[in-house]
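Taking it in order: structure first as structure tokens, then the write-up.
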2 protein chains.
Amino acid sequence: MEDVAEKAQVSVSTASRILTRDRNGRFSDETRQRVLNAAREIGYRPNLAARSLISGQSNIIGFVSPRVVDTPFTALRVLQILTHIEIACSERGYHLLLSSPRYVNGALDEHYMQLLSSGYLDGLIIHDENVNFSLLEPALEFGIPAVVIGNREHPYFVNGDDYLGGALQAEHLLQLGHRHIGVIGLPDNSHYAARLRLRGVMDVASRMGVSTETFYRRDGDFTSESGLAAAHYLLTHHPEITALLVNNDRMAIGALQAARQMGLRVPQDISIIGFDNLPQSADTTPPLTTIDQSVELWGEAAVAMLLRVRQGEQPVSRMMDTRLVIRETTSAPRTGGLR
Amino acid sequence: MEDVAEKAQVSVSTASRILTRDRNGRFSDETRQRVLNAAREIGYRPNLAARSLISGQSNIIGFVSPRVVDTPFTALRVLQILTHIEIACSERGYHLLLSSPRYVNGALDEHYMQLLSSGYLDGLIIHDENVNFSLLEPALEFGIPAVVIGNREHPYFVNGDDYLGGALQAEHLLQLGHRHIGVIGLPDNSHYAARLRLRGVMDVASRMGVSTETFYRRDGDFTSESGLAAAHYLLTHHPEITALLVNNDRMAIGALQAARQMGLRVPQDISIIGFDNLPQSADTTPPLTTIDQSVELWGEAAVAMLLRVRQGEQPVSRMMDTRLVIRETTSAPRTGGLR
DNA sequence: CTGAAAGCGCTTACAG
DNA sequence: CTGAAAGCGCTTACAG
């Protein structure tokens, strides 16, 4: 920068002001040109660390998603969100720092704390789906502006409407005529979204006057293996089941395998509906009926919201569009009754 | 930091030295304790931006993967690698900065250049698979230590053995007795890996004395849709084909759908072999035979290698284990001859 | 073993 | 419209 100033025959202050597009103080067009040219010739690029030190701004946004035991559980959804966060950040000139804090002995890992206090972060997008612990609180303690994905207990969040999604799942199956339904869920005290999805299911049943006594529940753990096991269990113990309502697509894909292994045709013998509409869900055999939550829009929404929070505004949280995607794994139950 | 020094009744210099575990200068245990305690009580955490400014070290490692047009082409593999890079970084106290540079009018985007010159990066892991442009060169110009994934023209790389993988694909199919083989590849002038895979295929054929005149090739573009289209084309135009050898799993999954749509049974009527062993490839119907390249180990390997490069060492590049994973989409061709 | 002082590369009141 | 100077929070020769 000194070199630039010298070459343009101005002071370092002037160079700095022109290069940072200081809104105050106008400069003669001529000076500006001299500085800009000099910078270009020298190939000057600002040192962000120095700028960050003094301005308190780093132009770095953090995205954190907890690592739970060994399960990168919602990996695909996280990737989708991450991809779009990266695009949104880069369009706005921000860099993206990624971290996946874990819990060791019930405490957040030191590395995350260290990041929060590093001065590196202008803001944080927190993927905070787990009921049992929060990545948000420490961030708030450090005064870092934050926006949350996956949980609605924070003033600023971006989410799908999980309750509505669950309702759509149940409505679809019930309208098709299914009454004996296997529900593959997630443990109640794990994720916000899972709880809401199931609540939506139950509320629709009661609204439609359908008894949930012939709903049989078996929980999985996000993975397709657990979906396979749960489906196998349900279909074996409750042969009257004609449809499987599954809490996420990964487990639904497992359920699809279970049906195949048991020699059941989908959807003729058994209907299956998932939740998430992963990219791969259109490619299953047969293609999966599921719930879409426009995750491809979440990243942009989260970044935009975060930047407004930084500026002291109070943006309103967003519930993204949720809709039923009917493909080929659902149909009316066979009239013949039991399989 | 000043507060810590004051509280511990030492100079700022001393506090700094103790807190950074300066290898030189020993300190009386008592002083050290005083400083450490003071730091703990105050909840002192270093400002990394300042440290970075002076030391020239940021403790940030960058991972970049190019965004090619609108195709987040190897998205799943990238995620797998990214996940493990993140783990490896965090275990070593490094943070991870993510960027996905694009090309605008043939030039790398300004945002990437800005990142390179920001002083934020201690090193770079570059996912550089595309033959047509390189993210590596600009990094080297800025003198940033770098390690490459997906390309072996750089001194330091981590890769799978794509040539061997292609050879394994072909060998498997040929040993089963297939001679009329549809090859779904990628354009020759796109990716290093794709080219090598195909070369392995061809070399094995000639080594086994099998004519490749009954190999029919049709290229896709990574996506399952393109795999579906290519498979459909091949199976329609060359009904004598008994096996499909596909350059990646995403396209293989599309091929699986094509077979299904055409009423062909896999593997009885048509065998299919993919490449990558994506997490979802075990969950297809039927489960996909494919090539595994231990991608779950690449992240750790890349980070370890990068850190050694930073220290001025010259680590040897790594070619990761590549092996055939036989599942249920391949079998001997039907003896009856044509379908 | 410990401290005073300079300096990393930038920005920003404060003067003019 | 422009410059001299202080300072962001830390580290590191240089002395003692």
Side-chain angles (χ1 to χ4, degrees), chain A residues 1-36 38-39 42-60 93 95 114-122 142-143, chain B residues 1-36 38-39 42-60 93 95 114-122 142-143:
Chain A
M1 175 132 189
E2 229 170 61
D3 303 340
V4 174
E6 191 174 326
K7 178 149 199 160
Q9 302 174 63
V10 296
S11 69
V12 180
S13 337
T14 305
S16 165
R17 280 194 275 249
I18 290 181
L19 260 14
T20 50
R21 298 185 187 71
D22 195 335
R23 324 94 239 156
N24 312 323
R26 232 126 275 157
F27 305 88
S28 65
D29 271 1
E30 201 239 316
T31 316
R32 161 169 283 120
Q33 276 315 116
R34 274 216 315 277
V35 173
L36 260 22
I42 295 188
Y44 169 81
R45 291 174 187 276
N47 177 309
L48 262 33
R51 195 175 268 182
S52 155
L53 178 58
I54 187 147
S55 69
Q57 296 194 188
S58 63
N59 273 294
I60 298 182
H95 298 291
Q114 150 72 38
L115 175 63
L116 292 179
S117 66
S118 67
Y120 275 158
L121 262 29
D122 277 356
F142 279 97
Chain B
M1 175 132 189
E2 226 172 64
D3 302 341
V4 174
E6 191 174 327
K7 179 147 197 160
Q9 302 175 62
V10 295
S11 70
V12 180
S13 337
T14 303
S16 166
R17 281 196 271 250
I18 290 181
L19 258 14
T20 50
R21 297 184 189 71
D22 193 336
R23 325 91 241 160
N24 313 324
R26 230 124 278 154
F27 305 89
S28 66
D29 271 2
E30 200 238 317
T31 317
R32 161 169 283 118
Q33 275 316 116
R34 272 216 316 277
V35 172
L36 260 23
I42 294 186
Y44 168 81
R45 291 174 187 277
N47 177 311
L48 262 33
R51 196 174 268 184
S52 155
L53 179 57
I54 188 146
S55 69
Q57 297 195 187
S58 63
N59 273 295
I60 297 182
H95 298 290
Q114 148 74 35
L115 175 63
L116 292 179
S117 65
S118 66
Y120 275 157
L121 261 30
D122 277 356
F142 280 98

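So that the names make sense, note that chain A is the first sequence line, chain B the second, and so on, each numbered from 1. From a predicted model like this one, the values you see are computed outputs, not experimental measurements.
- When the side-chain nitrogen and oxygen atoms of Arg17(A) are compared with OP1 and OP2 of dT2(D), none of them lie within a distance under 4.0 Å.
- If you measure from atom CG of Asn47(A) to atom C1' of dG9(C), you get 6 Å, rounded to the nearest angstrom.
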Task: Pairing annotation in dot-bracket form, given for DNA chain C with Watson-Crick or G-U pairs under 3.5 Å and | for cross-strand partners - done: |||.||||||||.|||

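- Residue Asp3(B) contributes atom CG, which lies 10 Å from atom P of dG9(D) at whole-angstrom precision.
- Residues Arg51(B) and Ser118(A) have side chains not in contact (no heavy-atom distance under 4.5 Å, counting atoms from C-beta outward).
- In this structure, Ser52(B) reaches neither bases nor backbone, as no heavy-atom distance under 4.0 Å exists between it and the strands shown.
- Computed from coordinates, the Leu48(A) CG to dC8(C) C1' distance equals 15 Å when rounded to whole Å.
- The nearest whole Å value for the distance from the CZ atom in Arg51(A) to the P atom in dC10(D) is 21 Å.
- A heavy-atom distance below 4.5 Å is not found between the side chains of Phe142(A) and Leu121(A).
- Among the heavy atoms of the strands lying under 4.0 Å from Ser13(B) is at least one base atom, whether or not backbone atoms are also near.
- The side chain to side chain contact (heavy atoms under 4.5 Å, CB included) check on Asp122(B) picks up Gln57(B), Ser58(B), Tyr94(B), Arg310(B), with sequence neighbours excluded.
- Side-chain proximity of Leu53(B) to the nucleotides dT11(D), dC10(C), dG9(D) is greatest for dG9(D).
- Regarding Ile54(B), its CD1 atom lies at a distance of 4 Å from the C1' atom of dT11(D), rounded to whole Å.
- Between Asn59(B) atom CG and Leu115(A) atom CG the span is 11.0 Å, to the nearest 0.5 Å.
- To the nearest angstrom, C1' of dG9(D) lies 8 Å from OH of Tyr44(B).
- Within the 4.0 Å cut-off from OP1 or OP2 of dG9(D), not a single side-chain nitrogen or oxygen of Tyr120(A) is found.
- The two residues Arg32(B) and Ile18(B) come nearest to each other via the heavy atoms CA-CD1, 3.6 Å.
- Comparing Ser55(B) and Gln9(B) along DNA chain C, the residue whose closest nucleotide (by nearest heavy atom) sits nearer the 5' end is Gln9(B).
- Partners of Val10(B) by side chain to side chain contact (heavy atoms under 4.5 Å, CB included), not counting sequence neighbours, listed by chain and number: Ala5(B), Ala8(B), Thr14(B), Ala15(B), Thr31(B), Arg34(B), Val35(B).
- The distance from atom CD of Glu30(A) to atom C1' of dT2(D) is 13 Å, rounded to the nearest whole Å.
- Distance CG (Leu19(B)) to P (dT11(D)): 8 Å, rounded to an integer number of Å.
- Other residues, nucleotides and ligands place no more than 12 heavy atoms under 6.0 Å from the CD atom of Glu6(B).
- Both Ser11(A) and Pro46(B) lie near DNA chain D, and the one whose nearest nucleotide falls closer to the 5' end is Ser11(A).
- Within the 4.0 Å cut-off from OP1 or OP2 of dG3(D), at least one side-chain nitrogen or oxygen of Thr14(A) is found.
- Nucleotides dG16(D) and dT12(D) are separated by 16 Å at their C1' atoms, to the nearest Å.
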